[in-house]
Each structure stands twice: as structure tokens, then as C-alpha cells.
Amino acid sequence: MANEEAEKKKNSTSSEAKQPVKTAKKKALGWMEWLRGWFYLVYEMLFQRILASHLQNPMPLPPINDVTCIVTGSTSGIGREIARQLAEAGAHVVMAVRSTNRAQELIRKWQEEWSGKGLPLNIEVMELDLLSLDSVARFAEAWNARMAPVHVLINNAGIFSIGEPQKFSKDGYEEHMQVNHLAPAMLSILLLPSLIRGSPSRIINVNSTMHYVGFVDPEDMNVVSGKRKYTSIVGYGGSKLAQIMFSSVLHKRLPAEAGVSVVCNTPGIVLTNVARDLPQFLQVGYRLIPYFIFNAEEGSRSTLFAATDPQISEYCEMLKADDWPACAYISHDCRPTNASEEAHSIETSYKVWEKTLELVGLPSDAVERLIEGEEIKCRYGNSQE
């Protein structure tokens, strides 16, 4: 299924995706790219329900017993649906969350609802705060110390502080960039020993169509230089684009024998807790158009598809063999699609890769050394120098 759709998408966009690498420094999206990005957003909102009408809700999942899945941000929104449905399909689910008490309450509720339908759900909770890179490093250290495999890492947690002024984490990074990109990237790298142990395994990054209007300056990822005016859309769109660019380089650097696939996906336009950050009058309007907007269960489908479809790994290897410039990208209708034209910039993607590793305190050869079974030093966590 994934391969057939991929060929159609690749043939229709090969001229766009395989453009020569630009050497002149780009300062912002061009007007045409910006307009095209907003067109994609409006089109997705208006037609996503029609385009995804072939999907069942909830999405039927194959039995995934003996599969361990780590899901970040799994106490609300689509993350909660992802964790619950994976557990009901038989997976061992690790809820990686800030509020462990809230997660424990959810588990008790799910166990009661599941009682009599099968074996008790295999779910546990581990603390993870993506606004603290120390917390990310400690989480990875604690899990790797178990010498247990990870088969699916779902980087779901994210923030979109609509209309809010620019904020920075205690690590000194713009909050959208840290929560949506830097922390998940760091977690993915640090968990590579466990992902390799669980091979064939997958890293699933829950992305957004908003990346189409995003732009990343690797020399100004915090948007503090004054070259661009900060808005929440600039922060969010840039963080989601950076996530795809980093994922594309990770996808290329992982050899086939490592057995780790890297996928980004968009859940569509979903009614989630993002609405909490909207002005009150916009929240009212947001809820007046339920026909167009997915609920959390519907929004979880593309992530669940990316995490469980048996052809995903083969599709990722096909892209790598064809030297495709971007990693696999799954649309809200569970079909392969293309990320934005900017996401296909190989030159910028490698710059984002290098800068990301620098910002999270990891060596530039971290992936290669971890694949070889070596230990690496991180600036954060208990193993910091």
C-alpha cells in the first residue's frame, strides 16, 4: 500500500524534490512558497475528512504483542489515543510524560474499561519533561540501563502557543524549538542503543502541515537575531520543519543493518489541547466547525499507521536506496506524501543536523559511535562531563 502510493507521489514531484542544491543563503520563504504553504493548510482543513473517508475509526491494528512503544505526551489529545489503542492491541506502552499522576489515573481508567476483554493492559509511566534537556537525558539513561528493546518511539508531544510572546526554556532555547524539535531529536539519538536492540524498529515523529509555512535559519534557530520578527507561527512552523530536516539526515545516516526506520507524519487538523492557547473568541469559532476538524481518535490514525503498517520499513529503505532528499512523510489519510519544498533542501538539512547536535550537547559522530556500541558523553543528564 505504502509503496504504490509512494511511486505516484514521487513521479509527480520528482522535478521539485530533486532540484540542485542552492548555495546562496536563503533568508526566508519566497512569496510563492509561503502562499503554497497556506494553500496546503486551508486545503487540508476543508478536505481532510473527505480524503480520509476510506479509513476506519478507530483504526484496526494488527496484534502487536511483545512490542514496546514509547509515546511522549500521552496524557491528552492524540497521544492519549495512540497510547490507549497500542496497549489494547497488545503492546507494552511506556507513557513518557510530565504529569505522572495524571498518567496513572488514565491507566486505572483504561484498565477498568478493558476489564473482561482480555489480558490487563501492559502500560507503565516514566517521567519526561521536554522543556528540560536534563530530563530527556535522564529518561534515556534510565531506559537504556534496562538493556530492554524499544520497537517504536513515538515523538508525539508538542506545543503551539498561539499568539503568545516568545518564551525560552531554562536551557535557553525558544520553547517551540526545544519541545517540538531539539528534545525529541536528542531523545531519538540517545535511545538508539535500545532501538537497535529492538530492530526492526521505528522512530515516528508527529509533525504538522504547518511546516509548509515554516523556515529554519540554522544560525538563528532561536529567532533572536532580529532578522525575522518572531510570532508563534514562525516558532511553531520552523520547529516542525527543523524536525523533518533532522529526521531526513538521521534517516540517511542509519545504515540498513541498524534496522531503524525514521518517519514523519501529519495527523491533520485536530481538535486537541492546542485550542487552550487560543483567544476565547477563537476557541468558540474553533469548535463551530467540527465537521472539518478531526477529533483525537481520528487524528491518531496516521501515527498508528506509521507505527504498525508492515510496509513502512520497506518504504523507508526504498527512499534511501533512491537517495530521496527527505525521509518518509505520511499524510493524515495514511498515504505517503511529500514534505515541503524547503524540507527537501539537503544543504540546510545538514546544517540543521549539525546545529541540533551542538545545541543538545551531543558529539557530531554520535550516531556512528552508538551504532558501533560505544558510549557517548552528553552535556546534559547524569553522564554529563
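Please read these numbers as outputs of a predicted model, since none were measured by experiment.
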**Student:** Taking the side chain from Ser199 and the backbone from Ser201, do they hold a donor-acceptor pair closer than 3.5 Å?
**Tutor:**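 Checking the backbone N and O of Ser201 against the side chain of Ser199, no donor-acceptor pair under 3.5 Å is found.
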**Student:** Between Asn155, Ile70, Val150, which is the residue that forms a side chain to side chain contact (heavy atoms under 4.5 Å, CB included) with Ile203?
**Tutor:**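 Of the listed residues Asn155, Ile70, Val150, the side chain to side chain contact (heavy atoms under 4.5 Å, CB included) partner of Ile203 is Asn155.
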**Student:** Would you call Arg102-Glu105 a salt bridge at under 4.0 Å N-O?
**Tutor:**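 Looking at Glu105 together with Arg102, the answer is no, because their closest N to O distance does not fall below 4.0 Å.
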**Student:** Does a donor on one side chain sit under 3.5 Å from an acceptor on the other, for His92 and Thr68?
**Tutor:**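 Short answer, yes.
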**Student:** Under the side chain to side chain contact (heavy atoms under 4.5 Å, CB included) criterion, do Lys227 and Lys27 qualify, and how do the steps go?
**Tutor:** CA-CA 8 Å; Lys227 297 176 184 177; Lys27 297 181 179 179; over 6 Å; no
**Student:** Rounded to the nearest 0.5 Å, how far apart are CD of Glu44 and OG of Ser208?
**Tutor:**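 It is 7.5 Å, given to the nearest 0.5 Å.
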**Student:** Any donor and acceptor pair, going by atom type alone, linking the side chain of Arg301 with main-chain N or O of Glu298 inside 3.5 Å?
**Tutor:**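 Checked: pair present.
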**Student:** Carefully, step by step, assess Glu358 and Lys355 under the rule salt bridge (Lys or Arg N to Asp or Glu O under 4.0 Å).
**Tutor:** CA-CA 5 Å; Glu358 175 189 329; Lys355 191 65 177 179; 3.3 Å; yes
**Student:** Report the distance from atom CG of Leu153 to atom CG of Leu190, rounding to the nearest 0.5 Å.
**Tutor:**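 Between atom CG of Leu153 and atom CG of Leu190 there are 11.0 Å.
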**Student:** For the CZ atom of Phe139 and the CG atom of Asp129, what is their distance to the nearest 0.5 Å?
**Tutor:**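 Between Phe139 CZ and Asp129 CG, I get 12.5 Å after rounding to 0.5 Å.
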**Student:** So, the side chain of Thr348 versus the backbone of Ser345: is there a donor-acceptor pair under 3.5 Å, distance only?
**Tutor:**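 Checked: no pair found.
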**Student:** Quick one: does Asp134's side chain have a donor or acceptor within less than 3.5 Å of a partner on Gly381's backbone?
**Tutor:**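 Yes; judged by distance alone, with no hydrogens or angles, the pair exists.
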**Student:** For Ile269, does its backbone N or O pair with a side-chain atom of Gln48 as donor and acceptor, under 3.5 Å?
**Tutor:**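 Judged by distance alone, yes, a pair lies under 3.5 Å.
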**Student:** Ion pair present between Arg369 and Glu372, side-chain N to carboxylate O less than 4.0 angstrom?
**Tutor:**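 So Arg369 does not pair with Glu372 through a salt bridge.
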**Student:** Closer than 4.0 angstrom, basic N to acidic O: yes or no for Arg36 and Glu33?
**Tutor:**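 Answer for the salt bridge query: no.
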**Student:** Of the options Asn207, Asn205, Val213, which is the one that meets Lys240 in a side chain to side chain contact (heavy atoms under 4.5 Å, CB included)?
**Tutor:**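 Option passing the side chain to side chain contact (heavy atoms under 4.5 Å, CB included) with Lys240: Asn207.
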**Student:** Using a strict 4.0 Å threshold on nitrogen-to-oxygen distance, state whether Glu347 and Lys26 make a salt bridge.
**Tutor:**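 Salt bridge flag = no for Lys26 with Glu347.
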**Student:** Using a distance-only test with no angle check, is there a side-chain donor-acceptor pair under 3.5 angstrom linking Ser225 and Asp220?
**Tutor:**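 There is such a pair (donor and acceptor under 3.5 Å, judged by atom type) between the side chains of Ser225 and Asp220.
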**Student:** Salt bridge check, Arg228 against Glu174: does any charged N sit closer than 4.0 Å to a carboxylate O?
**Tutor:**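 No, Glu174 and Arg228 are not salt-bridged.
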**Student:** Between Asn338 (side chain) and Ala326 (backbone), is there a donor-acceptor pair under 3.5 Å?
**Tutor:**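 No.
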**Student:** Check whether Leu41 and Ile244 end up in the same hydrophobic cluster, where Ile, Leu, Val, Met, Phe, Trp and Tyr are linked by side-chain heavy atoms less than 4.5 Å apart.
**Tutor:**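 In one cluster: no.
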**Student:** Look at the side chain of Lys170 and the backbone N and O of Leu131, then say whether any donor-acceptor pair between them is shorter than 3.5 Å.
**Tutor:**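 No: the side chain of Lys170 does not pair with the backbone of Leu131.
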**Student:** Using modelled atom types only, decide if a donor and an acceptor are shared between the side chain of Asn156 and the backbone of Thr72 within a distance under 3.5 Å.
**Tutor:**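 Indeed, once roles are kept as given, a pair shorter than 3.5 Å links the two residues.
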**Student:** If we ignore hydrogens and angles and just use 3.5 Å, is the side chain of Glu297 paired with the main-chain N or O of Asn57 as donor and acceptor?
**Tutor:**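 No, Glu297 side chain to Asn57 backbone: no donor-acceptor pair under 3.5 Å.
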**Student:** Below 4.0 angstrom, N of the basic side chain to O of the carboxylate: do Glu88 and Lys117 qualify?
**Tutor:**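 Judged by the 4.0 Å cut-off on N to carboxylate O distance, Glu88 and Lys117 do not form a salt bridge.
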**Student:** Among His176, Met177, His211, Glu175, find the one that has a side chain to side chain contact (heavy atoms under 4.5 Å, CB included) with Tyr236.
**Tutor:**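 That would be His176; it is the only one of His176, Met177, His211, Glu175 passing the side chain to side chain contact (heavy atoms under 4.5 Å, CB included) with Tyr236.
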**Student:** Restricting to non-hydrogen atoms, name the atom on Met95 and the atom on Thr75 that form the minimum distance, rounded to 0.1 Å.
**Tutor:**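 It is CE-CG2, 4.2 Å.
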**Student:** Please check this pair: side chain of Asp333 against backbone of Arg335, looking for a donor-acceptor N/O pair closer than 3.5 Å.
**Tutor:**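 Pair found, side chain donor or acceptor close to backbone of Arg335.
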**Student:** Rounded to the nearest 0.5 Å, how far does CH2 of Trp34 lie from CG of Leu29?
**Tutor:**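 If I round to the nearest 0.5 Å, the distance is 10.0 Å.
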**Student:** Quick one: pull up CH2 in Trp324 and OH in Tyr315 and give me the separation to the nearest 0.5 Å.
**Tutor:**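 Nearest 0.5 Å value for the CH2-OH distance: 8.0 Å.
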